[in-house]
Every structure is written in structure tokens, then in C-alpha cells.
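Structure record follows, encoded as C-alpha cells.
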Amino acid sequence: MTPLDSRVPAGPLAEKWDRHKFEMQLVNPANKRKHPIIVVGTGLAGASAAATLSELGYRVQCFCFHDSPRRAHSIAAQGGINAAKNYQNDGDSVFRLFYDTIKGGDFRAREANVYRLAQVSGNIIDQCAAQGVPFAREYGGLLANRSFGGAQVSRTFYARGQTGQQLLLGAYQALERQIGRGAVEMHPHTEMLDLVVVDGRARGIVVRDLVTGRIESYAAHAVVLATGGYGNVFFLSTNARNCNVTATWRAYKRGAAFGNPCFTQIHPTCIPVSGDYQSKLTLMSESLRNDGRVWVPARIGDARPPRDIPEDERDYFLERKYPSFGNLAPRDIASRAAKQACDEGRGVGPTRLGVYLDFADAIARVGAQAIRDRYGNLFDMYERITDENPYAVPMRIYPAVHYTMGGLWVDYNLMSTIPGLHVIGEANFSDHGANRLGASALMQGLADGYFVLPATIGDYLASTPFAPVDTSHPAFRAVEADVAERTTRLLGVRGNRTVDSFHRQLGKIMWEKCGMARTEAGLTEALADIPALREEFWRTVTVPGSGQELNQALEKAGRVADFLEFAELVCLDALHRTESCGGHFREESQTADGEALRDDAHFAYVAAWEYAGEGTAPVLNKEPLEFETVHLSQRSYK
Amino acid sequence: MDVTLRVWRQRGPSDPGGIVEYPATGVSPDASFLEMLDLVNEGLMARGEPPIAFAHDCREGICGACSLMIDGIAHGPMAGAATCQVHMRSFSDGATITIEPWRAAAFPVLKDLIVDRSALDRIIAAGGFVTAATGGAQDANAVLVPKEAADRAMDAAACIGCGACVAACPNASASLFTAAKVSHLGLMPQGQPERSRRVIRMVAQMDAEGFGDCTLFGECQDACPKEISIDVIARMHRDHMRAVWFGGEERAETGPG
Amino acid sequence: MTEGVAAPRPTTRLERFWHSTVGKKVVMAATGLIMVAFVIGHVAGNLLVFAGPERINAYSAFLHGTGELLWLVRLVLLAAVVLHIISAYQLTRIDMRARPIAYTTRDPQVSTLAARTIRWGGVLLLVFIVFHLLHMTTGTVHPDFVPGDVYSNVVVAFRVWPVTLFYVLAMAALGLHLYHGTWSAFRTLGLVRPSAEPLQRRGAAAVAILVAGAFAAVPLAVALGLLR
């Protein structure tokens, strides 16, 4: 592979994006309709990109595996979206948002990308407000803000506890407008199963119509993947059940480098696991940490009910360890602190894998009604799941896999190592470095979809000569054959173990050996366990039904088969990165008081893994991270 | 706990389908309803039988994918919850539970319990949006939105598009769904320029999809996992009358939109 | 692939109104309210029967003396009834087509008996109205009709117990029809404010009980021998 070229424009940080926009080639308005573009995925990034590209005049074909573009998992984001508006006059600025994000990501993101993200953050709020997104308002009619983890300013915009839903509906409605006009060809219930590369360029995709089972091909001048994250490699996560790595993994196997796959985020405020039947974990918005205080009993094995434990026998460990950020410490730090408390034997609840999130003080201070106004729906959700009333007894929370910072490597133009293949939103290796701050995922997804990609993709389209390629090209036939062969293989094993049982077992390996704390020994074990499990999968899995029908077992089998390959890459990446940074905590690399110890001398780079063929170790490419503006410091939230 | 399921099985859109009984044994009362179905499916698949197809995704009541008629109640017995948020503790040990798909001409069954709800998308495509192409927006605080309007708009905007309102309505009417979007956008200042056009087009599309009319049974409001009030329907009717009789006449669109 | 949506073809306002389910429903609500106003006036007049033959017969004479005005009211009522029935019929057809396959199990949660029986109740009321006109207005099916002597017509009519029973049953149907119809008409016309309990219908209940009760009081009073 050619060395990774990040294509970060020259010039001062604050001017790079403007300059780049000017220097990029433009597509003549009349020519835009001559460029078909495929957008896969309709979450915040995909829907906003598809709508915006269509508004610009491109011919967009949009795909999602859901029955409607509105169901993408962005819908589940609760807390909010950051923007450097400084509406609260509390000292926020583009630079501060940039700095908080770079620091929050433990200095493992590209400066220029993050700065651009902060720059367009305000435009996102403007755009969404113009679409009629019902953001929370003050009585005077101005927008309201709340604070979020990892920041000392109040810059988070929100729509009750359903910010992701409302932002997605805004993008979805913009997309539906284009569909209604006949400008976007929408293919719901259609799953991308492979990428088609012709003469080194991404020229199309092969999909399966999930209703009829038909394998079909679509050709275009550019392919945009907005297919989300891979948190479900852990089986239990806060991701929706159908989230998967298939699109990005298939692209990886066609030559797109995968960036920092081991950077996964564990969210501190999830409802603890209650039993083996559990199919997913439910996140409680991080905004709860604005008013809730996190604690465990000070004494090991103290099993008294929480209200019977006197104040001086409680350990408010986040407030104790991180006095200046307290309960609003960033996610990775809060998660690890909770894990430590449980590892010490001070965990609470039936499984002892939980810590309290207590609202008693906040209720005493502002009243139960004010708390109900702020978090009513979250409290209801908690009670529904646990059958406990959080107004009366403290919530129990535990960390859970939530977001993946890793993803396909992209340059400043959001293009992967395959020309023409663009990757946006959570699917790319992203602007969040080794840890994402709360309320930044929505910001990044929409920044990519509304503002960045629509500008950068034009440069690729305008500067590339396109040979006429349609789906009759032999490359499409070859990929279709691969896809069909794989489906046949999955259906043909006819073993006796269900897909879910493999997924569950894989998740257990990943959570235990590649979860919140990672060691060389554990990762090495995982790297032996995973191929063994994969081998067993292909020998004993059972997938009932046929390929020519709606077959959820088959859909799932294909996704889990990919997870079984992909998990190995995650562990490999985690093993090679012997430093601790952000969500990646190597026990071998910590400070005396147990904090993550970064190794900038050796690891200030993006690890971009390149597929080298079946049975061959992937090739590690490194994109060095150069910090021209920020000073690399050991992250401290004390 | 043990329960007996009576489940609608239908191989495909043209298969007549029918109710099939399955036992579900050893279910934890803390398991969700869908986790109970997972368990049954695991058993079926281990025997090489096709699992019961049902739509689901987020399993936290927000994506709107899940859609089951449980014992004749859309989304089951728990108020203000989607099927995925219903837990087995809501049922008694030994109960027989009937599970059917949403039933409406506009929601054809694709397989077992999965129906095609694209009609709802087409209602949105007909007018459930604010025309605001990316790029031209003014500062978000330049347009004031009274808190009360924003709150009420949010109440309506909370719709997850699951179709329970249609399923629960004896007329299979999509009025609550359509009215929720009409109200959300109609309550926001940003939605005013297209208010008339929006309601006329959305109602026309709703009718064209073959949904029934609103007789105000009130079942939709009760079934709605987001507890959207039938007040939005009154509002849609008001808007529709105003738009039809006093709105500007629509002219042919010119130029790119 | 989902198809785009067709832009509505340009039509007149009336067409756009009538061809929408909302428009037809609004017609039902508006005509329904006209009839509610009529039955309230009708029943108020009926109660004069308890004031004796002179008062009720004088009232009848007064109404017949209004000439063209009476016919105007009758025309408006006839138009309301016809439109109400046409829209009800068309909407019912639409609703039946909207759910071709019924649920095997159905457990209504909040819908009232009144709402669920409104269509059949409406048919019953139509039959009743036809009978009632032939009975008390034209006298065609009345055993001993004396034009102008309302009091005696009433007393004679309700001495036949099956007729009394039919009237009382019809009034029960009217009560149910009014209970759902009055409430839903205001909502259909959008004449309501946002409410914390949109399903409450105390006003409609009052109208339904008072009107149906007062109507039924006359045949019952005759049957019980209170009016003779």
C-alpha cells in the first residue's frame, strides 16, 4: 500500500478548512446529476449526507437494512449534541471545543479534523433548528444548554432525553423530502454485503434484499459508508441488536485500511446485567451525572441496603479521585473507576457488578419535581427495566460497551484508502481519538454528513475520470459470486449450534480479555480463542431456512461470521498498542495511582491495518499524529 | 416461569398463515418479552426449524421497529411502552399469550410478525418536513421558540413511527401518526411557511395509502408507546380545514427544490 | 425500494375537502352538531306535554305557523341527515377496507361501547326516524292520528307497548350516539384546547343523558299512566 496520506491542508489550523474548501475542485451544478453516489446507512451521518448530496444535485441511491431509514441507531442517543456556540457566555469557543475533544480523546486524533469539527459544530445547530428540531428552550425562547462529561462549559444542546431521535428525524425528514421528489432512490430492507472495486476505485456495492433474498448490484461513481460502529462484537452492548461490522469489514477485505480498531468506548452509566437471557444493555444518559452522585460502600462486602449506609461509610469515588470534574469525569475514567471499585469487592446489587448513582442530594436540593422534569423519562425507563424506583433508592449502574472510536481509516476528505470509498460517522476511525466525549457523536455524524463530505466528495468526483462502469462489468459478477458462495456456505453447515450462542461466547471473550482493562496475556489468549471459535462456527453453526426469503437467522449469521474475523483484528491492535490511552487501558501501562499512562514517544500514531489475505497477518501502517497547536500533556481531571 | 405462546406464522406475503402454539419454559420474569421470544427461537433453531420472524432493533423503546399485538393489545399490557420494554413479570406464570402482527391493509405482512410499514415513510415524504436545504440556516437563536411551543412540539415529535396507533385503531387509521408530525412542525415557527401545504399533502397521502378514518376511539393514544395525545388529531383537523378553505392555492413547483 | 409520492393533482377546494377522510369526517361532525341542536330543541318542546294539552298543542300550532321558516329548518335538517349518512357510509367502507384481516384476539383498552356501536346505533336511529316521521308527523302508521292534536296523538300512540318499547330503545341508542358523537364532533372540528385528559367527555355525557332521558320520559310517562 502507498504510505498513508492524511491530506491535511497546509496553513494555520484555524484556516485549513476554509482554504481547503477553496482549493478543492468543484463539480459544475449541471454535471452533478451525472454522478451517481451510493450512501449505505441512514443514521445521522448517512441520512444527512444522502439528503445534502441530493440537494446539491447528485444522483443518490441510499440503502439501509432497516424497514425505514428512521430506525438507525442514532435514534437512541439520549443526552445531546455539543456545539461551540458560547450561548451561555461561559468562555466557550471553537478552540475550546477543539481542545476539549482532542484532550478527551487522549491526543490520538488528527488536529485538523477535530478543529474542523469544532468549526462546523455551530452550523449543525443552526441547520437542525431550521429543520424544526424541537430543542429544549428557555422561557424567553432561546436555546437551552446542559453540561456534559469532560467539559467545564455548558455547550450541550438537547431535546428532552431524545436528542439523537430528534436530530435523526430532522435528517430523515430532509431525506424523505428528496425521496418524495424522486431525487433519492431509497432501498430500505437492503443490506450491503460487499464492495465492488474496479481499477482500484470503489464503483459499487453488492446487496441482499432482505425481503426477497435477492442478491443485487448497484454501481456508482462513489460509495459512502455510514454504517455505524461495531460495539456488538462484544455481544452485550448498548448498540441496537442489528448493528454490525459487515459493511466496513467487507470494505476492509477489499483494501480499505481499518484504523485503531481497539479504541472502543465503555460507557459508565448503563443498567447492570441481570441474567444470561439478556440480549442488550440499556444506557442511561450521561447527563444523569449532572445531578447524580456515584458511590459504593467504603467497606468491602458491605451488603446493607443503600439507604442504611451512613454518609461517612460511603465512598464517592469520582469526587474523591477527581475533585475538579467529580461525577462529570470523562467516560473512560469514570468507567474504569467503577470497575476498580467492583474489583475491590465493593460493588453493589445482586451480581456485585454495579455502583450507585444517587439522586437523594439533588432531590433534597431542587425537589423531586425538578428532577422529574430533567430526567423523568430516564427514571421511568430505569424503573421499567429493574422494577426499582430511582426516586426512592439509588440507581445501580455499570459500564457497558457503547461506542467505537475505531473504524475505517479516512483522510481529511473522509476518503478511505480505496479511492472513491468515503466513510462517515461512527464507521470511520473518527475524530474522537482514543475516547469520545459525551454529546460528540451526534456532532461528528452530522458534521460529516451535512458539511464535510458534501464538500470533499466533489473534489474526488471533479478530479477523477470515470470510465463507464455499470453492473454488467465482470467485477460485479465476481463479487456477487463471492457473496452467493458465502451465503450458501452459511446455509450449508447445518450443524447444531445457534448463531447467538457463538455471538454470546465471542462477546464473553472480548469483554473479559479486550474490555475495560487489557493485558498481554489476556489478549494473547483471546487471539487463540477467537480463531478456534470461528473454526467451530463454520463447522457446527445452524442456519435454518433458505437464502430466497426473509431470513433473520441468515442475516445474523453473516454478521456474526464477520465479527468472528473482525474480533481478531481488535485484539491484535490492542496487543500491539502497549500504551494506555483513552478507552484502551493496558494494565502494563499505568501510573502509580492507577491512571492510564500514555506513551507518546512510541504510539502517537493512528494504527491503520491493511488486509493481506486469508490466513496472513494484516499489515500495520502508521499515520503519525503531528500536534502543531496543542501541547501533549498527561490527561488530568483531578 | 412457563407460558404458552399462540403465534401468527406466515411464510411470506402470499401465504395464508395461521396461529401456531409454542411452549416457552424456564423464562425469567426479568427477561424482556423479546428476550423470551429469543429463547423460543433459540430452541426452534437448535432443532433446525425456522425461527419466529419479528422486527426489533434497539430494544430500548426508541427505534420503533418492534411491533407486536400481544393478547389483543398493541405493544402489550404495559402503558407507554414498546414491546421491547415489556418484561415477563407483566404476565402470570402459566399464561397463554397470543401474538399477532399489526393488521392493516396499508401494512402487508412480509413474514410471521413482520409487516411493511413503508406507508408511514411515504406520508412523511409527502410533506412531513421543513424545506431547509443544508447551508442556508441562520443562527439558531435568531428565531425564538416559546418554551411552551417547543415542549408541545416535542411531545408530538416523540413519535417513533412504530405504527401501534394504526394497529390499535379499530379503523386502522394513521391519524395519530400523521397528526403528530403535522403538530410537531406546525407548532414550531420554522414549520409555518409550509403549514398548509404540509397538512393537505400528508392527509392526502395518508388516505391514498388505504388507512381508515379517525372515529376517535382513543385506542391509538392508549397504545402509543410515547403516549402522544389525540389532541394532535384535533389540531390536524383544524389545520386541514384552515388549509383547505383559507390556505394559498398550490402552484406548480419551479426549479430545483 | 420505496416509490416517491405523487403530487396531488390540482383540484378545487371543495374536492380536496370532500375527497379527504378528514373532510368527510368534518362533514359528519358539523351535520351531527346541527342534529344535536335540533334534538335539544325538539326535546325541550316535547317536555311541554307535561304542561297539558293546551300548551303542547299551542306550541305545535306556533311551529306550523312559521310557514317557510319551518320548511327551511326541515330542509337544513334533511340535508344534514343525508350528508351525515353519506359520509358515514363512505367512511365505513374505507374503514372496512383498511383492515381486511381481523385480529383473532382483540382487547379494547379505552374505547367506549358508545364509540364501538356508533355505526349500528346510527342505522337503528335512521329506522327510528323514518318510523317516527310516519308515526307522529304524517300519522301514516298512527292508529288514530289527529292533525294538530299533538297531546292526544302522543297519548294514544304510547298506549301500544311495543311502540313504547321501540321508542325507549331508540332513545337509548340516541343517548349512546350523542355520548360519543357530541364529544367527538368537537374534537373532529378541532374545537378543543390541549387537555391533560383528552378522553374525558363530561359535557357529552350530560347532553346524552338529558336528551335521551327527557325524550324517553314522554312514552314512559304514558305507559306508566302519568299522562292520559
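Computed from heavy atoms alone, side chains included, the values below leave out hydrogens, waters and symmetry copies. Throughout, protein chains are lettered first and strands after them, A, B, ... in sequence-line order, and every chain is numbered starting at 1.
Note that the OG atom of A/S68 and the CG atom of B/L120 stand 8.0 Å from one another [nearest 0.5 Å]. Atoms CG and CG, on A/D500 and B/D38 in that order, are 6.5 Å from each other to the nearest 0.5 Å. The distance from atom CD of B/E60 to atom CE of A/M284, rounded to the nearest 0.5 Å, is 10.0 Å. Atom CD of B/E35 and atom OH of A/Y277 lie 6.5 Å apart (nearest 0.5 Å). Once rounded to the nearest 0.5 Å, the distance linking CD of A/Q165 with CE of B/M154 reads 5.5 Å. Annotation: the span from A/R137 atom CZ to B/L144 atom CG amounts to 7.5 Å, rounded to 0.5 Å.
With A/D126 contributing its side chain and B/A140 its backbone, the two residues share a donor-acceptor pair below 3.5 Å. A donor-acceptor pair under 3.5 Å links the side-chain atoms of A/R71 to the main chain of B/G64, judged by distance alone. Between the side chain of A/Q173 and the backbone N or O of B/A125, no donor-acceptor pair lies under 3.5 Å. The closest donor-acceptor contact from the side chain of B/Q190 to the backbone of A/A129 lies under 3.5 Å. Between the side chain of B/H184 and the backbone N or O of A/G132, at least one donor-acceptor pair lies under 3.5 Å. Looking only at distances, a side-chain donor or acceptor of A/Q552 sits under 3.5 Å from a matching main-chain atom of B/F54.
Side-chain contact of B/D57 with A/H73: a donor-acceptor pair under 3.5 Å is absent, judged by distance alone. In this structure, a donor-acceptor pair under 3.5 Å is absent between the side chains of B/D30 and A/S274.
For the residue pair B/A158 and A/Q162, the shortest heavy atom distance occurs at CB-OE1, 3.7 Å. The two residues B/M45 and A/A553 come nearest to each other via the heavy atoms SD-CB, 3.8 Å. Across all non-hydrogen atoms, the minimal contact from A/A240 to B/C58 is CB-CA, 3.6 Å. Shortest non-hydrogen contact noted between B/T134 and A/F451 is CG2-CE2, 3.7 Å. Nearest heavy atom pair, residue B/E42 against residue A/S501, reads OE1-N, 4.2 Å. In plain terms, the two heavy atoms of B/E49 and A/P544 that are nearest each other are O-CG, 3.4 Å.
Between B/D139 and A/K85 there is a salt bridge, since at least one side-chain N of the basic residue sits less than 4.0 Å from a carboxylate O of the acidic one.
For the set A/V133, A/I385, A/N496, the entry with the most heavy-atom pairs within less than 4.5 Å of chain B is A/I385. Listed options B/P146, B/S32, B/S28 were ranked by heavy-atom pairs under 4.5 angstrom with chain A; first place goes to B/S28. Residue with the most contacts toward chain B among A/E549, A/Q131, A/K280: A/K280 (heavy-atom pairs, distance under 4.5 Å). Contact count against chain A (heavy-atom pairs under 4.5 Å) is highest for B/A157 among B/A46, B/A150, B/A157. Of the listed residues (A/T386, A/L142, A/T282), the one with the most heavy-atom contacts under 4.5 Å to chain B is A/L142. Of the listed residues A/G170, A/G275, A/S279, A/A76, the one with more heavy-atom pairs under 4.5 angstrom with chain B than any other is A/S279. With respect to chain A, the highest number of heavy-atom pairs below 4.5 Å among B/G128, B/G191, B/A81 belongs to B/G128. Considering only heavy-atom pairs separated by less than 4.5 Å from chain A, the leading option among B/E148, B/R89, B/K181 is B/R89. Per-residue heavy-atom pair counts under 4.5 Å with chain B were compared for A/Q278, A/H189, A/Q166, and the maximum is reached by A/Q166.
For A/D276, no part sits under 4.5 Å from any heavy atom of chain B, backbone or side chain. Heavy atoms of A/T238 lying under 4.5 Å from chain B belong exclusively to its backbone. Using a 4.5 Å cut-off between heavy atoms, B/L185 touches chain A through its side chain atoms alone. Only the backbone of B/V143 comes within less than 4.5 Å of a heavy atom of chain A; no side-chain atom from C-beta onward does. Neither the backbone nor the side chain of B/L44 comes within less than 4.5 Å of any heavy atom of chain A. Contacts of A/N123 with chain B are absent, with no heavy-atom separation under 4.5 Å from either backbone or side chain. Using a 4.5 Å cut-off between heavy atoms, B/D116 does not touch chain A at all. Contact annotation for A/T52: both backbone and side-chain heavy atoms come within less than 4.5 Å of a heavy atom of chain B. Looking at B/M36, neither its backbone nor its side chain comes within 4.5 Å of chain A, counting heavy atoms on both sides.
No more than 12 heavy atoms of other residues, nucleotides or ligands sit less than 6.0 Å from atom CZ of B/R11.
When side chains are defined from C-beta on, B/D121 counts as touching A/Y172, because their heavy atoms get closer than 4.5 Å.
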